[in-house]
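Comments concern the structure below.
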Number of protein chains: 4
Amino acid sequence: MSRTAGSSGKKTQAAIREAGLDLIYAQGFDAMSLRQLAARVGLQPGSLYNHIATKQDLLYDLIHNHMVTLLERIDAELEGIEPPLDRLKAFIAFHLTYHIERKREVFIGSAELRSLEPRNRKKIVALRRAYEDRLSGILETGAARKLFKIDDVAVSAYAILAMLTGICTWYDPKGRIGRKELIDIHTRLILQGVLK
Amino acid sequence: MSRTAGSSGKKTQAAIREAGLDLIYAQGFDAMSLRQLAARVGLQPGSLYNHIATKQDLLYDLIHNHMVTLLERIDAELEGIEPPLDRLKAFIAFHLTYHIERKREVFIGSAELRSLEPRNRKKIVALRRAYEDRLSGILETGAARKLFKIDDVAVSAYAILAMLTGICTWYDPKGRIGRKELIDIHTRLILQGVLK
Amino acid sequence: MSRTAGSSGKKTQAAIREAGLDLIYAQGFDAMSLRQLAARVGLQPGSLYNHIATKQDLLYDLIHNHMVTLLERIDAELEGIEPPLDRLKAFIAFHLTYHIERKREVFIGSAELRSLEPRNRKKIVALRRAYEDRLSGILETGAARKLFKIDDVAVSAYAILAMLTGICTWYDPKGRIGRKELIDIHTRLILQGVLK
Amino acid sequence: MSRTAGSSGKKTQAAIREAGLDLIYAQGFDAMSLRQLAARVGLQPGSLYNHIATKQDLLYDLIHNHMVTLLERIDAELEGIEPPLDRLKAFIAFHLTYHIERKREVFIGSAELRSLEPRNRKKIVALRRAYEDRLSGILETGAARKLFKIDDVAVSAYAILAMLTGICTWYDPKGRIGRKELIDIHTRLILQGVLK
DNA sequence: CATGAATGAGCCTTCATTCAT
DNA sequence: CATGAATGAAGGCTCATTCAT
């Protein structure tokens with residue numbers, strides 16, 4: 001009811017974002033009320049406004065943060081790798097790993113795109129496109145060097161991304177399938193398809 | 001202001017469902033208000049209740065309808081086809097075709113699962129599983145006959161479905177890519193992967 | 001708590017406007033809450049919105065109504081009177097009478113001008129100007145015919161209006177001074193000043 | 001962001017009062033938030049409380065200050081003038097001058113009377129009455145000496161004050177009418193009325 | 001069947017004020 | 001003195017739903 005002794009501003013900020021991710025992931029942005037969020041963090045609803053500008057702003061922050069991190073990390077991951085095949089494998093491994101670790105962010109980042117105000121949505125979509133371009137780039141280079149056989153780069157990139165991103169909706173880190181195995185299965189599928 | 005002359009009950013029903021699909025697809029279930037829906041159909045909000053039981057009920061109806069149709073049609077499509085490869089191709093073609101034609105239903109059917117009350121969600125999830133099983137079944141049979149090389153049937157089925165379903169979010173029937181081409185690209189990708 | 005049997009929409013509308021006048025007059029527009037207003041009318045706060053569009057809209061309606069009536073009535077009053085002196089007397093008598101009868105409207109109409117949104121304020125200010133012009137016109141004609149001695153028509157019109165409007169803040173119909181007497185005092189003051 | 005280098009306590013005090021006058025004049029007391037006020041002065045909202053007791057207190061201070069000054073100045077102005085006519089002229093000239101110079105204070109002093117708590121309001125109303133009495137006194141003496149012809153002293157005093165105070169709402173020091181001219185016009189109007 | 005008006009709950013947000021640092 | 005973060009109350013408004021007419 002009263003604030004925890006050590007809860008400085010930074011900590012509260014973090015707690016709000018964390019609780020926000022949880023609630024939006026579980027119920028959706030519209031369905032989450034700031035009252036719920038506040039209760040989760042141990043604040044009065046109005047006190048949230050010492051840390052966020054608006055509910056919309058919180059959503060944007062969460063998604064934007066995620067997208068920026070995603071881009072930084074994929075670039076770090078691909079750095080120094082040259083052969084398209086290796087790059088593709090690295091992309092798949094990274095994408096799956098990140099999507100397992102940040103299930104909520106990823107899910108929110110795509111499911112709640114429509115909850116963003118147009119101005120905000122535009123910015124996020126641009127970042128998404130940038131990320132997609134990392135994959136398109138790999139496919140293109142690979143195709144140009146006759147390593148890959150790609151009918152349509154854009155469509156294939158979308159298709160692969162959709163496949164890899166899909167795990168957010170069902171993957172359970174504590175389940176039957178380990179991370180390594182998951183990566184192997186998807187890598188095989190993407191590289192060689194289902195045919196023998 | 002008043003209802004269109006000829007709009008009998010059945011027509012109003014249909015108009016409500018149609019407008020519901022539009023609005024939920026565009027804004028999400030929570031963000032759609034029954035006032036909006038009523039306005040779209042040319043009714044007062046209260047009058048909707050002559051045609052629907054509750055807002056939740058409308059959502060369930062929409063999704064349930066879609067799932068039942070989906071199952072009926074896939075079964076009709078696969079009927080008489082025996083070889084796993086042919087069945088897989090038929091599945092891919094059907095799934096894409098249906099997802100192009102019923103973009104809104106499909107999208108709502110997965111994005112708004114979380115807006116369903118537990119009881120309703122359970123029923124829909126069961127139908128989804130049944131649909132997924134059509135694909136798992138094909139993969140399994142194909143693997144058993146050494147036609148396919150599948151590391152993990154369940155994971156592969158999810159992955160393929162995610163890939164195929166992804167088109168809902170970007171495919172434009174009037175765009176650069178035709179339906180036929182779309183099917184070819186995806187079929188190739190699933191069967192053979194990207195490697196040459 | 002529940003709605004009165006006969007309270008049709010029109011009656012509720014009227015009750016809201018009446019209560020609105022009371023509360024805004026007594027406390028000011030900002031200080032009046034819609035919860036208060038609703039309680040006064042015997043409604044839940046949200047139910048007000050079946051009758052008003054927004055709080056701002058209610059204010060505008062109230063003031064606009066008043067201004068339109070004011071203009072209609074002064075024109076009716078002056079109609080058929082030609083001599084400037086008679087017109088001036090008629091103006092004074094009417095203005096005082098109206099301001100006694102509609103104390104609240106008049107007070108709100110000037111005190112809450114600043115609470116109107118710019119767009120609304122502009123419209124009201126135009127109506128006010130039109131009313132002021134009735135007086136300026138009289139003064140001008142009187143001066144042209146050498147009946148009045150006016151240094152500056154605009155300033156004099158403002159001054160006279162301010163004097164006449166001032167009674168809203170203190171006049172009590174049940175007090176020591178009767179309406180007739182009030183009119184006489186002001187007429188004398190305006191026509192001849194304080195000097196003997 | 002941080003306070004201006006040299007802003008000592010006294011300076012801050014003054015800045016708060018100045019900003020308060022501005023904001024209350026422009027938006028009304030209720031509509032002005034202490035956050036706005038703080039921003040205007042370059043402080044955080046909480047810091048205001050090192051300089052004011054409460055928001056209500058600030059309003060009272062502003063008005064009280066104004067009333068006290070008004071009384072001191074009118075008394076200084078009238079001191080040594082004996083003939084009622086001269087005293088009346090002096091009153092008119094002073095009142096207009098002061099109301100031009102302190103538009104905001106004067107306006108707030110009457111428009112925000114209703115925002116004062118009863119206890120505070122009472123005190124201010126007493127001061128107002130004292131000021132009004134200066135005028136009533138002049139009128140009374142003048143009437144007793146058969147210099148003025150006054151039907152009702154109280155009503156006439158209110159009427160004259162209303163007229164003179166009205167300029168706050170429209171007078172623009174940079175406009176067409178100079179201060180001297182304004183005084184002449186009003187003096188003439190009050191002394192002789194509009195008739196030739 | 002449709003309407004208009006009502007309910008009651010809830011929503012995002014703002015605000016004056018307090019107080020440990 | 002100033003700050004940052006909190007409180008608790010309240011505010012305007014929207015909504016799904018109900019029901020007499």
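Chain letters run A, B, ... following the sequence lines, proteins first, then strands; residues in each count from 1.
Residue A:Asn50 contributes atom CG, which lies 13 Å from atom P of E:dC15 at whole-angstrom precision. Rounded to whole Å, the distance from CG on B:Leu48 to P on F:dA16 is 10 Å. For the pair C:Gln44 CD and F:dT17 P, the interatomic distance rounds to 18 Å; values are reported in whole Å. Spacing between atom CG of D:Leu43 and atom P of F:dA2 amounts to 5 Å, rounded to whole angstrom units. Between the P atom of E:dC15 and the CG atom of D:Leu23 lies a distance of 12 Å, rounded to the nearest Å. The nearest whole Å value for the distance from the CD atom in D:Glu117 to the C1' atom in E:dA16 is 13 Å. Distance C:Leu37 CG to F:dG11 C1': 13 Å, rounded to the nearest Å. Distance NZ (A:Lys10) to C1' (F:dA5): 14 Å, rounded to an integer number of Å.
Side-chain contact between B:Leu113 and B:Arg128 is present, with at least one heavy-atom pair separated by less than 4.5 Å. When side chains are defined from C-beta on, D:Arg102 counts as touching D:Thr69, because their heavy atoms get closer than 4.5 Å. Looking at heavy atoms from C-beta onward, A:Leu116 lies out of side-chain contact with A:Lys123 at the 4.5 angstrom threshold.
Using a 4.0 Å cutoff on non-hydrogen atoms, the parts of residues 53-64 of chain B near DNA chain F are B:Thr54, B:Lys55, ordered by number. In the region residues 25-34 of chain C, proximity to DNA chain F at under 4.0 angstrom, judged on heavy atoms, holds for C:Met32, C:Ser33, C:Leu34.
Within the structure, salt bridge (charged side-chain N to carboxylate O under 4.0 Å, His left out) contacts touching residues 25-40 of chain B (residues at least two apart or in different chains) are B:Asp22-B:Arg40. A salt bridge (charged side-chain N to carboxylate O under 4.0 Å, His left out) check over residues 49-62 of chain A, counting only residues at least two apart or in different chains, returns the pairs A:Arg17-A:Asp61.
Between the base of E:dG10 and the side chain of A:Arg35 there is no donor-acceptor pair shorter than 3.5 Å.
Here A:Glu18 contributes atom CD and A:Leu23 contributes atom CG; the two are 10.0 Å apart, rounded to the nearest 0.5 Å. Remark: A:Asn50 CG to A:Leu43 CG distance equals 8.5 Å, nearest 0.5 Å. Atom CD of B:Gln27 is separated from atom CE of B:Met32 by 8.5 Å, given to the nearest 0.5 angstrom. Atom CG of C:Leu59 and atom CD1 of C:Ile52 lie 10.5 Å apart (nearest 0.5 Å).
Within the 4.0 Å cut-off from OP1 or OP2 of F:dA6, at least one side-chain nitrogen or oxygen of A:Thr12 is found. Contact between the side-chain N/O atoms of C:Ser47 and the OP1/OP2 oxygens of E:dT7 is found at a separation under 4.0 Å. For the OP1/OP2 pair of E:dA2 and a distance below 4.0 Å, the side-chain nitrogens and oxygens of B:His51 include at least one atom meeting the criterion.
In secondary-structure terms, DNA chain F builds stems of at least 3 consecutive Watson-Crick or G-U pairs, each pair having both distances under 3.5 Å, at E:2-21 with F:2-21.
With sequence neighbours left out, the salt bridge (Lys or Arg N to Asp or Glu O under 4.0 Å) criterion links A:Arg114 to B:Glu112. Judged as a salt bridge (Lys or Arg N to Asp or Glu O under 4.0 Å), and not counting sequence neighbours, C:Glu117 has no contacts. For D:Thr169, the side chain to side chain contact (heavy atoms under 4.5 Å, CB included) criterion is met by D:Phe107, not counting sequence neighbours.
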